[in-house]
Amino acid sequence: MNISKDTVVQLHYTLKDEDGQQIESTAGHDPIAYLQGHKNMIPGFEEAVESKQAGDKLDITVTPENGYGHRVEGSVQRVPVKHLRGASKWKKGMVASVFTEQGERQVTIVKVGRFMADVDTNHPFAGKTLHFNVEILDVRAATAEELEHGHAHGVGGHQH
C-alpha cells in the first residue's frame with residue numbers, strides 16, 4: 001500500500017540540523033505512527049513520503065517554509081511559571097510546553113524568575129532546515145476511529 005491521505009504510517013527516523021548534528025531519533029525505541037494528510041507531521045515531511053511504501057528508506061530535507069516557518073523576531077512573551085510543562089526547574093534555553101487557545105505549543109525559556117518566565121514563542125526548530133533519515137516500516141488504511149480522532153492509534157501513535 002502506498003502512503004496517501006488517510007493512511008497510518010509507521011516509521012523510524014533520525015532528525016539532524018544543518019550542521020549534521022543529531023537532534024532526535026527513534027532508533028532503539030518504538031517507531032512512531034501518524035495519520036497522513038491530517039497535519040500530524042510538518043508539510044514538507046508529508047509531501048516527501050507521499051506515495052512511498054513499507055520498506056522504503058529516504059533522506060528528506062525540509063526548509064523552514066515547509067517545516068516550522070521562519071523565526072519571528074520580538075516573539076517573547078511573559079507567562080506564569082506554573083503554566084510551563086516539561087520540567088520542575090527551568091533554566092534559560094530549555095524547551096517547555098504551554099497550552100494556548102491554538103492548542104499545545106513548544107516555547108524556549110529566555111529568562112526565568114520565581115513566578116514568571118519570558119519565553120520565545122517561536123518553535124525551537126523555526127528558521128532551521130531539517131534533515132530526516134527515514135525508514136518506512138508499515139502503511140495501512142486508517143480505522144474509522146482514527147479518522148474521527150485525527151491521529152493514529154496503537155504502537156507509536158496515540159494511546160487512549
Quick one: CG on Leu15 to OG on Ser25, what's the gap to the nearest 0.5 Å?
9.0 Å
Return the CG to CG distance between Leu137 and Asp56, rounded to the nearest 0.5 Å.
11.0 Å
Side chain of Gln10, backbone of Val155: donor and acceptor closer than 3.5 Å?
yes
Side chain Asp120, main chain Gln77, donor-acceptor under 3.5 Å:
no
Without swapping roles, check the side chain of Asn66 against the backbone of Thr63 for a donor-acceptor pair under 3.5 Å.
no
Shared ILVMFWY cluster between Val119 and Tyr68, side chains joined below 4.5 angstrom?
no
Nearest heavy-atom neighbours spanning Ala141 and Met1:
N-SD, 3.5 Å
With the side chain counted from C-beta on, respond yes when Lys128 and Glu18 share a heavy-atom pair under 4.5 Å apart, and no when they do not.
yes
Is the backbone of Ala126 close enough, under 3.5 Å, to the side chain of Asn122 for a donor and an acceptor to pair up by distance?
no
Do Phe99 and Arg105 have side chains that approach each other closer than 4.5 Å (heavy atoms only, starting at C-beta)?
no
Kindly work out whether a path of hydrophobic side-chain contacts (I/L/V/M/F/W/Y, heavy atoms less than 4.5 Å apart) joins Val95 to Val107.
no
Intermediate values then yes/no, side chain to side chain contact (heavy atoms under 4.5 Å, CB included), His153 and Glu145:
CA-CA 9 Å; His153 293 168; Glu145 183 179 45; 3.5 Å; yes
With side chains defined as the heavy atoms from C-beta onward, is the minimum distance between Pro31 and Leu11 less than 4.5 Å?
no
Could you tell me whether the side chain of Val9 reaches within less than 4.5 Å of the side chain of Val49, counting heavy atoms only?
no
Look at the side chain of Asp17 and the backbone N and O of Asp19, then say whether any donor-acceptor pair between them is shorter than 3.5 Å.
yes
Could you pull out the closest heavy-atom pair between Pro64 and Thr129, with the gap in Å?
CD-OG1, 3.6 Å
Starting at CE of Met41, measure out to CG of Leu35 and round the result to the nearest 0.5 Å.
12.0 Å
Using atom types as modelled and distance alone, determine if a side-chain donor or acceptor of His123 lies under 3.5 Å from a backbone N or O of Phe125.
yes
What's the verdict on side chain to side chain contact (heavy atoms under 4.5 Å, CB included) for Asp6 and Leu147, showing C-alpha distance, side-chain angles and the deciding distance?
CA-CA 7 Å; Asp6 299 338; Leu147 292 172; 3.4 Å; yes
Run the side chain to side chain donor-acceptor pair (under 3.5 Å) test on His70 and Glu65 for me, step by step, so that the C-alpha distance in whole Å, both residues' side-chain angles and the decisive distance to 0.1 Å come before the verdict.
CA-CA 7 Å; His70 290 283; Glu65 296 83 6; 2.9 Å; yes
Whether Tyr34 and Phe45 hold their rings parallel, tilted or perpendicular, with breakpoints at 30° and 60°
perpendicular
Rounding to 0.5 Å, atoms OG (Ser4) and CD (Glu50) come to a distance of 6.0 Å
Once rounded to the nearest 0.5 Å, what's the spacing between atom NZ of Lys91 and atom CD1 of Ile109?
12.5 Å
Are Ile32 and Val8 co-members of a hydrophobic cluster defined by side-chain heavy atoms under 4.5 Å apart?
no
Shortest non-hydrogen contact from Ala117 toward Val81
N-CG2, 4.0 Å
What closest approach, in Å, do Val98 and Leu84 show between heavy atoms, and which atom pair accounts for it?
CG1-CD2, 3.6 Å
How long is the gap from CD on Gln22 to OG1 on Thr14, to the nearest 0.5 Å?
5.0 Å
Is there any side-chain hydrogen bond (donor to acceptor under 3.5 Å, both in side chains) pair reaching into residues 133-142, and which pairs are they, with sequence neighbours excluded?
Asp59-Asn133, Arg140-Glu146
Testing the basics here: between Glu46 and Gln36, what is the closest heavy-atom pair and its distance to 0.1 Å?
O-NE2, 3.1 Å
In terms of hydrophobic clusters joined by side-chain contacts under 4.5 Å, are Phe132 and Ile23 together?
yes
Surrounding NZ of Lys57 (heavy atoms of other residues, nucleotides or ligands, distance under 6.0 Å), is the total greater than 12?
no
Any idea which heavy atoms bring His12 and Thr26 closest together, and the distance?
ND1-OG1, 2.7 Å
Please tell me whether Val62 and Leu58 are part of a single hydrophobic cluster in this structure, the criterion being side-chain heavy atoms less than 4.5 Å apart.
yes
Given side chain to side chain contact (heavy atoms under 4.5 Å, CB included), test His38 with Lys5 step by step and report yes or no.
CA-CA 8 Å; His38 290 261; Lys5 184 173 172 43; 3.7 Å; yes
